[in-house]
Trainee: 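Here you go, one structure.
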Amino acid sequence: FPFFLDALYDYTKGNFTVTGPNATASIFSTYPAPYVSVLGGFFTEFTATVMLLLGILVIHDEKNNEALKGTQALLTGILVLGIGVGMGMNTGYAVNPSRDLPPRIFTAIAGWGMEVFTAGHYWWWIPVTAPFLGSLAGVLIHKLFIDLHNQPVLDSGNEKGQTEVQTS
């Protein structure tokens with residue numbers, strides 16, 4: 001923040017606003033697009049988080065043809081990028097309460113005021129609750145429709161986890 005304080009002052013003429021043509025609070029936290037209702041925003045954040053958790057669980061699922069070792073981070077990054085490109089226009093895709101609430105508290109203290117909590121029809125609670133509920137739903141969906149139907153990983157019979165070498 002202090003690195004860009006001069007640029008923010010120059011752009012806003014010292015008037016930090018949350019909404020309007022020179023609004024800068026959205027640099028730090030997510031705010032809904034003007035055409036998005038609170039219910040629509042909640043559904044967007046909820047669905048994006050369900051997709052994120054399902055994707056991560058599938059990428060790392062050892063019992064269900066998991067991704068190649070070493071590619072999990074890349075695939076997770078591509079997943080996050082896809083969710084952001086596909087759903088980010090509506091709400092900024094917080095998909096994590098810690099990505100939105102602490103910066104929002106910071107902006108309230110740093111000069112934007114309490115409007116950061118009232119803007120967008122009291123939008124602040126959506127990026128806190130929808131990802132929490134979406135993550136629970138994503139894990140539940142994975143558990144019910146994928147994990148419960150997986151076969152257990154077969155052990156080689158060696159308790160130390162070493163491969164056995166057979167000689168003729």
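We use all heavy atoms of the structure for the numbers below, so side chains are in, but hydrogens, waters and symmetry mates are not.
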Trainee: Which of these passes side chain to side chain contact (heavy atoms under 4.5 Å, CB included) with H142: L53, V50, V58?
Mentor: V58
Trainee: Closest heavy-atom contact between G120 and P32?
Mentor: CA-CG, 4.2 Å
Trainee: I'd like to know if V36 and I83 are part of one continuous hydrophobic network [Ile/Leu/Val/Met/Phe/Trp/Tyr, side-chain heavy atoms within less than 4.5 Å].
Mentor: no
Trainee: Can you name the residues that form a ring pair (Phe, Tyr, Trp, His ring centres under 6.0 Å) with F117, not counting sequence neighbours?
Mentor: W124
Trainee: Of the non-hydrogen atoms in G40 and S37, which two are nearest, and what is the gap between them?
Mentor: N-OG, 2.9 Å
Trainee: Using the rule that Ile, Leu, Val, Met, Phe, Trp and Tyr join whenever any side-chain heavy atoms are under 4.5 Å apart, tell me whether V18 and L5 fall into a single cluster.
Mentor: yes
Trainee: Give the minimum heavy-atom separation between E45 and G92, together with the two atoms involved.
Mentor: OE2-C, 4.5 Å
Trainee: Is any side-chain heavy atom of H60 less than 4.5 Å from a side-chain heavy atom of T76?
Mentor: yes
Trainee: With rounding to the nearest 0.5 Å, note down the distance linking CE in M87 to CZ in F43.
Mentor: 7.0 Å
Trainee: Got P127 and R104 here, is their nearest side-chain heavy-atom distance under 4.5 Å?
Mentor: yes
Trainee: How close do A137 and F46 get, counting heavy atoms only, and between which atoms?
Mentor: CB-CZ, 3.6 Å
Trainee: Walk me through it: do L57 and K143 pass the test side-chain contact (heavy atoms from CB on, under 4.5 Å)?
Mentor: CA-CA 10 Å; L57 290 170; K143 189 61 125 173; over 6 Å; no
Trainee: Taking salt bridge (Lys or Arg N to Asp or Glu O under 4.0 Å) as the cut-off, I'd like each qualifying pair that reaches into residues 16-38, sequence neighbours left out, listed once.
Mentor: none
Trainee: Roughly how far, to the nearest 0.5 Å, is the CD1 atom of I27 from the OH atom of Y11?
Mentor: 8.0 Å
Trainee: Should Y93 and T44 count as side-chain neighbours, where that means a heavy-atom distance under 4.5 Å?
Mentor: no
Trainee: Looking at every non-hydrogen atom in both residues, tell me the closest pair between P97 and P102 and how far apart they are.
Mentor: O-CD, 3.7 Å
Trainee: CG/L39 to CD1/I126 distance, rounded to the nearest 0.5 angstrom?
Mentor: 8.5 Å
Trainee: Exactly one of D100, N90, T91 should register a side-chain hydrogen bond (donor to acceptor under 3.5 Å, both in side chains) with T30. Which one does?
Mentor: D100
Trainee: Counting only heavy atoms from other residues, nucleotides and ligands, does the tally under 6.0 Å from NE2 of H121 exceed 12?
Mentor: no
Trainee: From L140 CG over to L133 CG, what is the distance, rounded to the nearest 0.5 angstrom?
Mentor: 12.0 Å
Trainee: Is there a path of hydrophobic side-chain contacts, each under 4.5 Å between heavy atoms of I, L, V, M, F, W or Y residues, that connects I56 with L74?
Mentor: no
Trainee: Going from OG1 on T24 to CG on N15, what distance comes out if it is rounded to the nearest 0.5 angstrom?
Mentor: 9.0 Å
Trainee: So how far is it from I59 CD1 to L68 CG, rounded to the nearest 0.5 Å?
Mentor: 12.0 Å
Trainee: Please work out which of the three classes, parallel, tilted or perpendicular, describes the rings of Y9 and F16, given edges at 30° and 60°.
Mentor: tilted
Trainee: Quick check: is L101 connected to W125 through a chain of hydrophobic side chains (ILVMFWY, heavy atoms under 4.5 Å apart)?
Mentor: yes
Trainee: Can you confirm whether Y35 is buried at OH, in the sense that more than 12 heavy atoms of other residues, nucleotides or ligands lie under 6.0 Å from that atom?
Mentor: yes
Trainee: Give the minimum heavy-atom separation between G138 and L54, together with the two atoms involved.
Mentor: O-CD2, 3.5 Å
Trainee: Should V95 and F42 be counted in the same cluster of Ile, Leu, Val, Met, Phe, Trp and Tyr side chains packed under 4.5 Å apart?
Mentor: no
